[in-house]
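The chains referred to below are lettered A, B, ... by the order of the sequence lines, with proteins before strands, and numbering in each begins at 1.
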Amino acid sequence: MSATAAPAAVKPMISIDSISKWYGPVQVLKDCTTQVTKGEVVVVCGPSGSGKSTLIKTVNALEPIQKGSITVDGIGVQAKGTNLPKLRSRVGMVFQHFELFPHLSITDNLTLGQRKVLGRSNEDARTRGLKLLDRVGLSAHAHKYPGQLSGGQQQRVAIARALSMDPIVMLFDEPTSALDPEMVGEVLDVMVNLAREGMTMMVVTHEMGFARKVANRVVFMDRGEIVEDATKDDFFDKPRSDRAQTFLSKILAH
Amino acid sequence: MNYNWNWGVFFDPSPEGVGTYADMLLSGLLWTLATALCSWIIAFALGSIIGVMRTLPSKLANAIGTGYVELFRNIPLLVQMFLWYSVVPEILPQAWGDWLKQLPNASFYTAVVCLGFFTASRVAEQVRTGIETLARGQRMAGTALGLTTAQTYRYVLLPNAYRIILPPLTSEFLNNMKNTSVALTIGLLELTARARSMQEFSSQVFEAFTAATVIYLLISLVVVTLSGLLERRVAVPGSR
């Protein structure tokens, strides 16, 4: 039972093809190209300001790009005529600061998208939402509000909320960076389980333990460029670039 | 100061022939309340739309919203009142203008529209601030779930923004209520106008304006109390 078994079919779920992005005169993404195949877990890492969060947000068009193209499950994200809300509903996203809707109960957080986007009945949405809440170990909190939960609990709810839409791929944007250290583990556990169940995942994180455990590949970014795109073992054991070596020595020093 | 105090004046018959001075003030109060409430409905609805427009990604919507706010916020209310009352009926097609001029209670409708449009610019600024106070992440979270822009506003941004701006909205509501007194200049017989005519007919200036002051204060007190109740009612458990 290998945690990082190669995906059965090699079909690109996310294909990022030479994309570039500018904020005014500043280029934040430089000709980035990479893929995520079905069932694969790809960890994106790099120093802060390297563009990794921006890169992951381009996948569901939360951040527009000026050059290149992205396809998700064969659908062009930039293509004219693409139904972006529909595409986004199939791509789960988890944010650094959770972004649960503070005025809605946990149950309503889990059902809003299902009801308004997928058109599920209250009954169905609730059943599905509570099942996922159980899966992240928070059944007892269904009636509470986000402000009454700890950071780690909120992030687990956020993962459940994303899963409630039955996504074909999950994006994680530094899901543990805003958490107190003692809460990182509970969130990573949920993510590891998800990876082992075969979910296609793209994860921006500094948690190298997580990368070692479940990643298939590691994409290393620096200053808006993808410097290294390697299998997990290659990246950790023999990083090719100086920049990746420096980064790893800093992050693994402790 | 040689002043002849007479607190009983409120029960003297008013020069209108029916009722007392107290009835006159009461009728003024009702016009004040009617004008304040009707104009607030316009201000709240229009102000919300304009405020939302200023936060949309569309440049055109932004420009319209900004133009509206700058226009209505920067012309003195008194001038706007005269413009609506005297100028607008003249520049409309003649049939419409004539219809407006012979409308019963024309000064009431004019005051409602004028105050509604004026206060809308102030409500718009509050709504915009409320939406911008919410972290950009809330909009992203709604969008990432697959909600459309309209749904993101309806289910995520606005419910939170209105909660945040409830206290400043209350004070805008009170400002709007107090601004109804400007409508006396176009002949609306609201509370201040009534107090003034009571003073003119009875010469009891202190009594007349003390009554008006106390009534305005009482309205404020009621509004602030109701707003506090509303705030507690819509408070989100676990928030600050």
Side-chain angles (χ1 to χ4, degrees), chain A residues 53 56-57 59-64 83-106 108-119 141 143-150 153-154 157-158 161-167 170-173 178, chain B residues 48 51-52 55-62 126-170 227-240:
Chain A
S53 278
I56 202 169
K57 286 190 185 118
V59 173
N60 58 354
L62 288 183
E63 292 282 2
N83 183 341
L84 271 182
K86 191 175 174 202
L87 178 70
R88 286 175 176 135
S89 74
R90 303 173 68 207
V91 178
M93 180 136 201
V94 175
F95 298 88
Q96 185 176 357
H97 295 285
F98 334 134
E99 304 301 349
L100 293 179
F101 305 130
H103 62 299
L104 298 179
S105 69
I106 300 307
D108 289 341
N109 264 279
L110 292 168
T111 58
L112 180 69
Q114 298 186 67
R115 289 184 292 124
K116 301 301 172 190
V117 180
L118 304 180
H141 303 279
H143 61 284
K144 290 190 182 169
Y145 283 78
Q148 297 171 308
L149 301 188
S150 73
Q153 291 172 327
Q154 289 190 53
V157 172
R161 175 176 70 179
L163 291 173
S164 75
M165 305 295 284
D166 299 325
M170 287 282 286
L171 308 175
F172 293 82
D173 182 14
Chain B
S48 296
V52 164
T55 63
L56 287 174
S58 150
K59 282 210 171 84
L60 178 69
N62 268 291
Q126 302 295 353
V127 169
R128 176 174 73 100
T129 312
I131 292 170
E132 283 173 357
T133 306
L134 298 169
R136 216 170 130 242
Q138 283 285 300
R139 183 192 296 266
M140 280 197 178
T143 309
L145 261 188
L147 297 176
T148 61
T149 303
Q151 287 176 322
T152 304
Y153 274 87
R154 164 70 184 81
Y155 298 112
V156 179
L157 298 179
L158 286 176
N160 281 303
Y162 283 132
R163 280 185 174 82
I164 294 172
I165 63 170
L166 190 54
L169 273 190
T170 304
S227 163
L229 287 177
L230 182 63
E231 204 169 333
R232 243 164 294 153
R233 212 190 136 90
V234 300
V236 172
S239 62
R240 301 148 281 149

Side chain, backbone, both or neither: which part of [X] has a non-hydrogen atom closer than 4.5 Å to chain A?
{"X": "B/R139", "result": "neither"}
{"X": "B/Q151", "result": "side chain"}
{"X": "B/R136", "result": "side chain"}

- Message: Would you say CZ of A/R90 has more than 12 non-hydrogen atoms from neighbouring residues, nucleotides or ligands within 6.0 angstrom?
- Response: no
- Contacts of B/Y162 that satisfy ring pair (Phe, Tyr, Trp, His ring centres under 6.0 Å) - sequence neighbours left out: B/F44
Is chain B contacted by the side chain of [X], its backbone, both, or neither, given a heavy-atom distance below 4.5 Å?
{"X": "A/F101", "answer": "both"}
{"X": "A/L100", "answer": "backbone"}
{"X": "A/H103", "answer": "both"}
{"X": "A/K144", "answer": "neither"}

- How many angstroms lie between CD in B/Q138 and CD in A/E99, if you round to the nearest 0.5 Å? 5.0 Å
- Rounded to the nearest 0.5 angstrom, the NZ-CE distance for A/K57 and B/M140 is 4.5 Å
Report yes if some heavy atom in the side chain of [X] is under 4.5 Å from a heavy atom in the side chain of [Y]; otherwise report no.
{"X": "B/T143", "Y": "A/L84", "value": "no"}
{"X": "A/L112", "Y": "B/V156", "value": "yes"}
{"X": "B/L147", "Y": "A/K116", "value": "yes"}

- Task: Could you tell me which of A/K86, A/H97, A/R88 has the largest number of non-hydrogen atom pairs under 4.5 Å with chain B?
- Result: A/R88
- Query: For the residue pair A/P102 and B/V236, what are the closest heavy atoms and their distance?
  - Reply: O-CG1, 2.9 Å
- Query: What heavy-atom pair brings B/T148 and A/P85 nearest, and what distance separates the two atoms?
  - Reply: CG2-CG, 4.2 Å
